[in-house]
Amino acid sequence: MFVVPWKFPVKVSMRGNVITKVEFLKGKEKTIARRPKSGVAAALYDNMLAYFSGERISFNRYEVELRSAFLRRVLGEVRKIGYGETTTYGELAKKLETSPRAVGQALKANPAPVVIPCHRVLAKRGLGGFSQGLDVKRELLRIEGIDLIT
DNA sequence: TATAGTTGGAATT
DNA sequence: AATTCCAACTATA
């Protein structure tokens, strides 16, 4: 487990080389940022720092622990969304032949925001929701240069 | 199994 | 613009 310093510090939990959880602290908890010495964790830490400073980073090579097959299906599709691009719940639902609501649920259950870019999935009108807080979602979109209309 | 709740969307008033 | 219905999935009892 390690924490990446940012506007909203990011806490990353891992088991081996697999990411199990990513969360934003938003100043609620106090955790000291520290950098892993080596391995996948160190690479991820560096990638995150670069990402938050505006570099076009892809986290697709990192493995994330996903419980259900449905979650893997939906989030797998989400990971195909490129940097700076967006899609909607409806689009995903159509592609996966499911309902927009089910997609929303899967995204809410996403254990690793940022690594799996669920923030690039918006509602058809406006900007859906975000389990870690909408302020975080807006900030992430802003970093990638996506302008919100509403 | 039954039921209610979801980061939605479309239809209807 | 506000309300109502729909759909696929999950969590809970």
Side-chain angles (χ1 to χ4, degrees), chain A residues 1-31 33 40-41 44-45 47-150:
Chain A
M1 193 268 275
F2 61 91
V3 174
V4 181
W6 185 47
K7 179 172 178 181
F8 308 107
V10 184
K11 187 164 98 183
V12 181
S13 306
M14 300 185 68
R15 193 173 59 229
N17 287 340
V18 182
I19 299 167
T20 56
K21 199 176 199 181
V22 174
E23 52 197 323
F24 296 91
L25 301 181
K26 298 170 71 175
K28 286 175 190 167
E29 307 174 36
K30 277 191 225 166
T31 310
V40 177
L44 178 56
Y45 180 97
N47 277 171
M48 281 191 164
L49 272 189
Y51 173 81
F52 290 134
S53 68
E55 284 184 48
R56 293 177 65 106
I57 301 288
S58 164
F59 295 101
N60 286 353
R61 66 197 182 85
Y62 294 102
E63 197 178 338
V64 178
E65 182 180 75
L66 301 173
R67 299 185 195 75
S68 68
F70 181 70
L71 216 56
R72 273 192 294 279
R73 223 155 66 84
V74 176
L75 298 186
E77 198 63 36
V78 171
R79 298 190 90 170
K80 292 181 190 167
I81 306 170
Y83 189 99
E85 297 173 25
T86 61
T87 187
T88 64
Y89 301 95
E91 285 290 318
L92 278 177
K94 193 170 148 195
K95 196 171 295 186
L96 299 170
E97 295 186 309
T98 182
S99 88
R101 210 118 192 196
V103 172
Q105 260 193 225
L107 263 58
K108 183 183 181 182
N110 172 18
V114 184
V115 176
I116 295 175
C118 59
H119 58 275
R120 294 182 192 137
V121 184
L122 313 177
K124 191 167 193 185
R125 307 229 148 158
L127 134 106
F130 196 63
S131 59
Q132 309 285 313
L134 286 175
D135 45 352
V136 175
K137 183 166 185 174
R138 281 199 209 90
E139 189 65 20
L140 291 173
L141 292 172
R142 196 187 59 72
I143 287 178
E144 299 191 11
I146 299 166
D147 277 329
L148 309 175
I149 305 153
T150 52

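Computed from a prediction, not measured in an experiment: that's the story for all the values here.
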Just by distance, with hydrogens left out, do A:Y83 and A:E55 show a side-chain donor and acceptor under 3.5 Å apart? no

Check whether A:R79 reaches the backbone of A:F59 with its side chain - one donor and one acceptor, N or O, closer than 3.5 Å. yes

Between A:E65 and A:R15, does any side-chain N to carboxylate O distance fall below 4.0 Å? yes

Please evaluate residues A:K7 and A:E139 with respect to the criterion salt bridge (charged side-chain N to carboxylate O under 4.0 Å, His left out), reporting the C-alpha separation (whole Å), side-chain torsions for both, the decisive distance (0.1 Å), and the verdict. CA-CA 9 Å; A:K7 179 172 178 181; A:E139 189 65 20; 3.3 Å; yes

Just to be sure I understand: a Watson-Crick pair is purine N1 to pyrimidine N3 plus N6-O4 or O6-N4, both under 3.5 Å. Using that and G-U wobbles, which stems of three or more pairs involve DNA chain B? B:1-6 with C:8-13, B:8-13 with C:1-6

Heavy atoms under 4.0 Å is the rule here; annotate nucleotides 7-13 of chain C 5' to 3' with B where the base is hit, S where only the sugar-phosphate is, and - elsewhere. BBBS---

Report which part of the nucleic acid A:K124 touches: base, sugar-phosphate, or nothing (heavy-atom distance under 4.0 Å, all strands). sugar-phosphate

Does the side chain of A:L66 reach to within under 4.5 Å of the side chain of A:P111, using non-hydrogen atoms? yes

Quick one about A:E144 and A:H119 (side-chain donor to acceptor, distance below 3.5 Å, no hydrogens or angles considered), yes or no? yes

Does A:R142 come within less than 4.0 Å of A:D147, counting only side-chain N to carboxylate O? no

Separation of B:dG9 P from A:R125 CZ (nearest whole Å): 10 Å

Ignoring hydrogens and angles, state whether a donor on the side chain of A:N47 or A:Y62 is under 3.5 Å from an acceptor on the partner side chain. yes

Roughly, in whole Å, what's the span from CD in A:E91 to P in B:dG9? 10 Å

